[in-house]
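All values below were derived from every heavy atom in this structure, side-chain atoms included, with hydrogens, water molecules and symmetry-related copies excluded. Proteins get letters first, then strands, A, B, ... in listed order; numbering begins at 1 in each.
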2 protein chains.
Amino acid sequence: MARNKRHLDPKIKKEEIELVATTLFKEKGYENTSMAEIARSAGVAANTIYWYFENKDDLLIAVLNRVVSQAMAEVVALREQPLGTRLLKLIAQVESSGSLMADIHSRVSHSPKVQAWHDQFHAMVEQLSVSELVNAGVDVEEAQLDAKLLIYVIEGLLAHPHKLQEREQIIDQALKRIFA
Amino acid sequence: MARNKRHLDPKIKKEEIELVATTLFKEKGYENTSMAEIARSAGVAANTIYWYFENKDDLLIAVLNRVVSQAMAEVVALREQPLGTRLLKLIAQVESSGSLMADIHSRVSHSPKVQAWHDQFHAMVEQLSVSELVNAGVDVEEAQLDAKLLIYVIEGLLAHPHKLQEREQIIDQALKRIFA
DNA sequence: TTTGTTCTAGAATGGCGTTCAAGATAAATT
DNA sequence: AATTTATCTTGAACGCCATTCTAGAACAAA
């Protein structure tokens, strides 16, 4: 017993755990997914996960990096499209990640690492938004503030359920107010 | 043993539990406060709480009602003040409740009751915001959308740390954009 | 005095994230 | 080829948590 599966490439093992965790976190949310379940789905013992990740929050961060980098790639492919269209697409993307974004916020107070990830992510998004706004003709000084407004509106849209049409209306309104 | 404390007015007992829970939830957040700790602080056995409340989420709802009704009273006292001032005061109020607002969002997916409370609370705040905006001269049709924008911005401010000055700037900017 | 309702608490349950100790496997060194 | 070392894997346990079970105490009504 205590059979070892070293013959399976160990680099794939970590990958597999991240992949399974990504799926489960997206489907059922962070809190509703137990380490035991992740392990079962990945075909390893529960404590094996702890060889690759310090704890559950670290696994969450790995999942987040994975999800964000993929989303970024898909959003970059859409440059040339108008800002509103891209925002809606971005929101749809993030929304397909289920409650992941909400999960981040609820873990921020528990884990300094998640906190750090969150802050950095916010800074990045804010920077991107500012340059988008400046590009679109907003005064440089005000772009900083407008970016925050826009981000908070988007977070609100993500955190609360909306019909697609409602979402479009709200985004339109936000842009209209900013570019009035 | 199994000494009973009936001589202490039982209506005060429930009150005491709610009061202690309010303090602890505000101080340390919902997830970081255990039922055992609440019970200890209230001077009862852990399971006694379950006579008064179905579960921890129900206790949270009782605490929320308590906090909100108090906050509402203090905000009403400020009518006559301009909208921006009142918003800042409101945010300061809510912020003094620690991570309570964030805790709601993180419990919404776990408890249908918390979900219902959250939805109702949102509807109420939205209604109030709409009438504020209409009062302040915003077109009735647009007030609906602007209210959502405003609420999401406020939620964003609550969910993320800001210096007082930053907060004022962001609120000013939001109002400026809406009333442009 | 008896009966019933309201309340209390010790003990147990089951689930969770996490740690421990004991190995198995494969690679590196002799 | 033999031995040591580093890398992995695991069953079993730990401590904490929300919650439930069961027995019974306190009081009110009959």
Return each pair, listed once, that meets side-chain hydrogen bond (donor to acceptor under 3.5 Å, both in side chains) where at least one residue sits in residues 125-134 of chain B; pairs must be two or more places apart or across chains. Arg86(B)-Glu132(B), Glu126(B)-Lys148(B)
Which residue pairs pass the side-chain hydrogen bond (donor to acceptor under 3.5 Å, both in side chains) test with at least one member in residues 32-45 of chain B, sequence neighbours excluded? Lys28(B)-Glu37(B)
Looking at the side chain of Val44(A), which of dT18(C), dT10(D), dA9(C) is the nearest nucleotide? dT10(D)
Among dT10(D), dC7(C), dA9(C), the one nearest Thr48(B) by side-chain distance: dA9(C)
Counting only side-chain nitrogens and oxygens, does Lys14(B) get under 4.0 Å of the OP1 or OP2 atom of dC7(C)? no
With sequence neighbours excluded, residues passing side-chain hydrogen bond (donor to acceptor under 3.5 Å, both in side chains) with [X]:
X         : value
Gln81(A)  : none
Arg177(B) : Glu142(A), Asp146(A)
Asp58(A)  : Lys113(A)

Send over the distance from [X] [atom1] to [N] [atom2], rounded to a whole Å.
X        : N       : atom1 : atom2 : answer
Trp51(B) : dT5(C)  : CH2   : P     : 13 Å
Lys56(A) : dT19(C) : NZ    : C1'   : 17 Å
Asp58(A) : dT18(C) : CG    : C1'   : 13 Å
Tyr50(A) : dT18(C) : OH    : P     : 4 Å
Lys13(A) : dA24(C) : NZ    : C1'   : 12 Å
Leu59(B) : dA18(D) : CG    : P     : 11 Å
Glu16(A) : dC8(D)  : CD    : C1'   : 17 Å
Ile49(A) : dT10(D) : CD1   : P     : 11 Å

Please list, chain by chain and in numerical order, all residues satisfying salt bridge (charged side-chain N to carboxylate O under 4.0 Å, His left out) with Arg66(A), sequence neighbours excluded. Glu15(A), Glu18(A)
Sorted by number, residues from residues 25-38 of chain A placing a heavy atom under 4.0 Å from DNA chain C are Thr33(A), Ser34(A), Met35(A)
Stretch residues 104-116 of chain B: residues that reach within less than 4.0 Å of DNA chain D through a heavy atom: none
Would Tyr30(B) and Phe25(B) count as a close aromatic pair, with their ring centres under 6.0 Å? yes
How about His160(B) and His122(A): are their ring centres within less than 6.0 Å of each other? yes
Checking one residue: Val140(B). Which other hydrophobic residues are in its cluster under the side-chain 4.5 Å linking rule? Val130(B), Val134(B)
